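Heavy atoms only: backbone and side chains are in, while hydrogens, waters and symmetry mates are out. Keep in mind it's a predicted model, so treat the numbers as computed, not measured. All ligand and atom numbering here is 1-based and tracks the order in the structure.
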Amino acid sequence: MSGRNVNNLKLIIAVVFVVSICFLVASVFGFNYFQGLPEESYDDETDDLTVIGFSQLGSESLWRSANSASIQEVFQKDNGYFLIFNNARQKQENQIKAIRSFISQRVDYIIFSPMTEEGWDTVLQEAKEAGIPVIVVDRMVAVEDPSLYTAWVGSNTEEEGQKAGRWLEQYVEEQGYAEEPLNIVVLQGTLGSTAELGRTKGFNTVADEHQNWNILKQESGDFTAALAKEVMRSMLQQYPDIDILVSQNDDMTFGALEAIEEAGLTTGPDGDIIVISFDAVREALELVESGKINLDVECNPEQGDFILEVIEKLKHGETVEKYNYVEETVFTQENVSEQLPDRTY
Ligand code: AHR
């Protein structure tokens with residue numbers, strides 16, 4: 001081999017060596033980073049703590065931020081817990097990666113709020129085989145075997161949809177136009193999520209009882225203000241005679257209200273369009289009070305204490321209810337003002 005070839009060979013070996021070292025370092029120290037997980041990890045300091053892995057589906061709404069805060073507030077070190085929080089940024093694949101990472105870190109409990117209902121059997125089976133109890137929160141999972149999760153904490157979203165329908169029934173009766181044709185558009189949340197499925201089903205159950213309720217269109221705004229504004233704008237162009245907007249969360253309502261105002265229309269008890277919203281976050285309740293939103297059906301994000309209670313019981317070997325519903329109410333101009341001062345989110 002010539003001297004030049006030997007030098008080239010040495011160079012190639014050196015490059016391969018350096019690249020291999022880089023991969024090794026990245027795989028050991030950068031694992032969490034590549035998984036999209038916080039780099040925070042736990043070690044000896046957690047010996048006396050109960051370690052919880054929490055996969056939150058995203059941060060798409062004010063409701064979601066309040067939900068994350070509620071869970072983060074209760075699972076604190078001075079309470080005996082160490083929480084590993086992962087934000088999946090609205091991607092199911094990120095949630096699956098996070099849950100697998102929790103399993104490999106051998107956490108004591110997994111909490112997760114699933115994006116949509118389908119697609120969890122395999123990863124939940126892995127958690128079960130690892131002996132890690134899973135608490136599903138907020139939205140539900142549709143799995144073949146319900147023993148894949150220990151308990152669920154959240155809202156009855158079908159009942160929320162029904163509450164909206166029953167309120168509308170009574171409202172149009174009181175206003176004296178219960179028998180007139182009513183044109184309705186629905187801004188749906190993330191398709192396939194429990195909040196969307198339940199609210200759609202609940203409202204449609206009531207709508208089906210009224211031949212004069214015309215659902216002109218149901219379209220997803222993905223629970224975000226920006227997309228809902230676009231969808232509402234095109235609905236207004238397509239249907240100039242909308243009487244009622246049902247918007248499946250407050251963030252979408254904020255976007256839709258902008259589109260409605262830009263179209264020169266008004267909303268609320270004295271407006272052109274009746275607006276029904278869901279969640280009842282503070283900013284939306286202020287719009288109920290000021291007369292821009294007619295009804296806000298509460299979806300309670302403060303689930304931290306309920307989840308804590310479930311986990312405390314499990315830690316003490318007690319049995320827990322499989323399904324745990326949080327309490328919720330509805331807000332109109334009649335009752336909103338007394339509630340607003342105490343609203344924490
Ligand atoms: O699953 C609960 C829903 O998800 C809330 O209504 C919405 O605001 C959130 O994004």
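Applying the side-chain hydrogen bond (donor to acceptor under 3.5 Å, both in side chains) test to every pair with at least one member in residues 323-333, sequence neighbours left out, gives these pairs: Y149-Y323, S155-E328.
Once rounded to the nearest 0.5 Å, the distance linking CG of L62 with CG of N67 reads 12.5 Å.
Side-chain contact annotation: T224 with D251, donor-acceptor N/O pair under 3.5 Å absent. For the residue pair D272/T266, the side-chain donor-acceptor check at 3.5 Å is satisfied.
For the pair L308/F75, a side-chain contact is recorded, criterion being any heavy-atom separation below 4.5 Å from C-beta on.
Using a 4.0 Å heavy-atom criterion, the residues that approach ligand 1 are E60, S61, W63, R64, D138, R139, A195, R199, F223, N249, D279.
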Apply salt bridge (charged side-chain N to carboxylate O under 4.0 Å, His left out) to residues R166 and E169 and explain how you reach the verdict. CA-CA 5 Å; R166 294 291 168 219; E169 222 170 30; 2.9 Å; yes
